[in-house]
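Below is one structure; the comments refer to it alone.
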Amino acid sequence: MALFDPKGARAETRQVAGKSVAVLLAPRLVRRGFLHDVFYGLKSLLTGMRVTLPYGLTTSRIVTRQYPENRGTLKMYERYRARLTFIRDGQGRHTCTGCRNCEKACPNGSIIIETAKGAVTGKNEVQRFIWRFDACTFCNLCVYTCPFDALEMKGDFEHAVFDRRLLVYNLNSYAGPHASLWDKVEDEEQRKTLATKISPYDGKVPLAGTSMAGCPARAHGEGGAS
Amino acid sequence: MTVQAYTLDDLVKRLDPQATEGASQQYFLNLGPQHPAAHGVLRVMLFLDGETVVRAIPVLGYIHRGIEKMGESLSTRQFIHLTDRLDYLSALMNNWAVARTVEKAAGIEVSPRAEWIRTIMAELQRLQSHLLWLGVLGMDLGAFTPFLWGFRDREELTYIFEETIGARLTMNYVLPGGVMSDIHPEFAARVKKYVAYIRPKIAEYEALLSGNVILEERLRNIGRLSAEDAVSIGATGPVLRASGVALDLRKASPYGAYDKLEFQVPVGTVGDSWDRYWVRFEEMRQSIAMIEQLLGGIPEGPHMSVKPAVKVKLPEGVHYGQLETARGILGVFIAAAGGSDVPYRIHLRSPTFNNLWSVTRLAPGWRIADLVAILTTLDLVIPDIER
Ligand code: SF4
Ligand code: SF4
């Protein structure tokens, strides 16, 4: 008989904190003399071999994924949190009103929003939506909190750069009104003046564009893969 | 019972002042903070006589991040994402512990569906945590195969979390009032598939590990923790249950959907390393049984009862809530000044801190190799020890 008997566990009922609890008692291991132990030991080693050997023979059991070789076929789950982005409509317009709910919800100050009154609309418009990728913990609270469904998490995950400052950037691609404010402006000529294009590294984004000790200022596009 | 306290000075002092240099076998050794057999930055100062441990004192402070202090300037909803970083293998249960405490304090109702999601997620994660532990235990005791297998089977669970939650480790999913997002449409089918996959694997682990003579001899009778000692140290979870105390909050004060589930609490008989091993091993099977029962009936309803814009204000006073994580009882103390969603003080009673301390009772008299077996069966996650 084997020393370890998986069915050797005993079931019983115990009183714990005034409740009867069904417990399962651990089986005890016993030794039955030298000779028995030697044979049992040998047998258990062979059992181990029997369990592991088939893995060497059937390659279909291999589960390792070869990254980066499988980059072409690798698909992340749609909810995977890897990069915060604005949701944009067909014309590239976002729905962020600049209400700052996400800024307040963020636990570590990774979102900084600059707004201004629009000359045409007279309403709050996002000038810069700064996201500090380098400080973000991907808690998803900003996406969860946004009342206007302006934010989403994208699944692309290859973001390594050589300069941390390149991880601080503007999410919005233009400074101007959100989509529904935009639609309210009827005049064609006025519409053309609504938005000013900005690049991810425009403006006084913290760190980006300024120099640090031992690390000179860099323009957008520099430093990444070079 | 007497409590013996040592200072670090005692450790480096020789036990036998008469013994001359060279003739003495007594010396002092650091296990960690960087050591391949220690999980994370754990430092245990050992006073040894030859290879036998005379005293062991854990030294903390290598991964203190001030999470409790940060909690004093964050709303409880924001604080929850930091609890992922305590015992990261029980991240969802940590989230849940804070959420429950806040719900109880603020009187928030949680829908049955949200409770159902929380329970099945917690059990999936308990299984995941124990699988990782089993792999690392094999690795610590010199077997490499379980390590690969543990990670292989854990990975599948990680995909399940990834699909519904969007994160693999630091998930921030359970919020006061429910859970952040509803389960993915594929969730139930995937979990069902996983249960069918893992059952034969558990049998494989059993054949390879539980019945292996080397493993048995490395665990049997090593580091016996009596029930009295376990209780006096404040050990909880599998460590306490292995010593024969059947305290499991899922049974003793059911929360979530546990009162509707049928399961047994595995307990040990003498509290040695084997018992701690067996209790966790059996808990995996119990978790699988619970997951199967939960898949039987998914309640309909909302997954969240509090709007994201609503501040969850806490009434003035001290609030406490606790639940059973994969390592034991996680208690959350919240002292609130009232009228705000930011607590005045938040304190966490983490299971691993107390469990670690049992090493001071367990280690003396054993060899260093046995100490590794003792440490690995305590299932330590170092970031949980110091917040
Ligand atoms: S992203 Fe959403 S929450 Fe943040 S400012 Fe824009 S509209 Fe408000
Ligand atoms: S995911 Fe969390 S940490 Fe990152 S920007 Fe959003 S709220 Fe801030």
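Chain letters run A, B, ... following the sequence lines, proteins first and then strands; every chain starts at 1.
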Answer with yes or no after comparing the ring centroid distance for B:F281 and B:W274 against a 6.0 Å cut-off, counting only values under it.
-> no

Going by atom types only, do B:Y277 and B:S210 share a side-chain donor-acceptor pair under 3.5 Å?
-> yes

Region of B:Y159 in contact with chain A, defined by heavy-atom distances below 4.5 Å = both

Ranked by heavy-atom pairs below 4.5 Å to chain B, first place among A:L42, A:T64, A:T52, A:T47 goes to A:T52

Counting only heavy atoms closer than 4.5 Å, note whether B:D272 contacts chain A via side chain, backbone, both or neither.
-> side chain

Would you mind checking which part of B:L148 comes under 4.5 Å of any heavy atom in chain A, side chain (CB onward), backbone (N, CA, C, O), both or neither?
-> neither

Would you call the rings of A:F138 and A:F133 parallel, tilted or perpendicular if under 30° counts as parallel and over 60° as perpendicular?
-> perpendicular

Spatial distance of atom CD (A:E78) from atom CE (A:M153) [nearest 0.5 Å] | 15.0 Å

For the residue pair A:R88 and A:S173, establish whether any side-chain heavy-atom pair is separated by less than 4.5 Å.
-> yes

Let me know if B:P146 has heavy atoms under 4.5 Å from chain A in its side chain, its backbone, both or neither.
-> neither

B:V279 portion near chain A, given a 4.5 angstrom heavy-atom threshold | neither

For A:M49, is it the side chain, the backbone, both, or neither that has a heavy atom closer than 4.5 Å to a heavy atom of chain B?
-> neither

Any cation-pi pair here, A:K75 with A:Y80, using under 6.0 Å and within 45°?
-> no

Best-contacting candidate, B:I165, B:T170, B:V245, against chain A by heavy atom pairs under 4.5 angstrom = B:I165

Pick from B:A309, B:S253, B:A246: which one has the most heavy-atom pairs with chain A under 4.5 Å?
-> B:A246

Using a cut-off of 6.0 Å, state whether more than 12 heavy atoms not belonging to B:E262 lie near its atom CD.
-> no

Would you indicate whether A:R100, at its atom CZ, is surrounded by more than 12 heavy atoms from other residues, nucleotides or ligands within a distance under 6.0 Å?
-> yes

For the candidates B:R241, B:R220, B:K251, which exhibits the highest count of non-hydrogen atom pairs separated by less than 4.5 Å from chain A?
-> B:R220

Do you know which of B:D84, B:L175, B:I214 has the most heavy-atom pairs under 4.5 Å to chain A?
-> B:L175

Please look at B:Q286 and chain A and tell me whether the side chain, the backbone, both or neither of the residue comes under 4.5 angstrom of a heavy atom of that chain.
-> side chain

Using non-hydrogen atoms and a 4.5 Å limit, figure out which bit of A:R81 sits close to chain B: side chain, backbone, both or neither.
-> both

Contact class of B:L247 relative to chain A, heavy atoms under 4.5 angstrom = both

Is a donor on one side and an acceptor on the other found under 3.5 Å between the side chain of B:T164 and the backbone of B:F161?
-> no

Rounding to 0.5 Å, atoms NZ (B:K69) and CD (B:E72) come to a distance of 4.0 Å

Below 4.5 Å from any heavy atom of chain A, which atoms of B:M171 appear? Answer side chain, backbone, both or neither.
-> backbone

Note: vs chain A, highest number of non-hydrogen pairs under 4.5 angstrom among B:P266, B:G268, B:G166 is B:G166

Could you check whether the rings of A:H94 and A:Y174 sit parallel, tilted or perpendicular, using 30° and 60° as the cut-offs?
-> parallel

Among A:L45, A:N108, A:T137, which residue forms the greatest number of heavy-atom pairs with chain B at distances under 4.5 Å?
-> A:T137

Hey, are A:T145 and A:N101 close enough side-chain-wise for a donor-acceptor pair under 3.5 Å?
-> no

Side chain from CB out, backbone as N, CA, C, O: work out which of these in B:R77 comes under 4.5 Å of a heavy atom of chain A, or both, or neither.
-> both

Check whether more than 12 heavy atoms from other residues, nucleotides or ligands sit under 6.0 Å from atom CZ of A:F34, and answer yes or no.
-> no

Of all of B:E163, B:K307, B:R168, B:E204, which one pairs up most often with chain A through heavy atoms under 4.5 Å apart?
-> B:E163

Checking A:V16 against chain B: side chain, backbone, both or neither under 4.5 Å from a heavy atom?
-> side chain

Give the member of A:G155, A:A82, A:C106, A:G18 that has the highest number of heavy-atom pairs under 4.5 Å with chain B.
-> A:C106

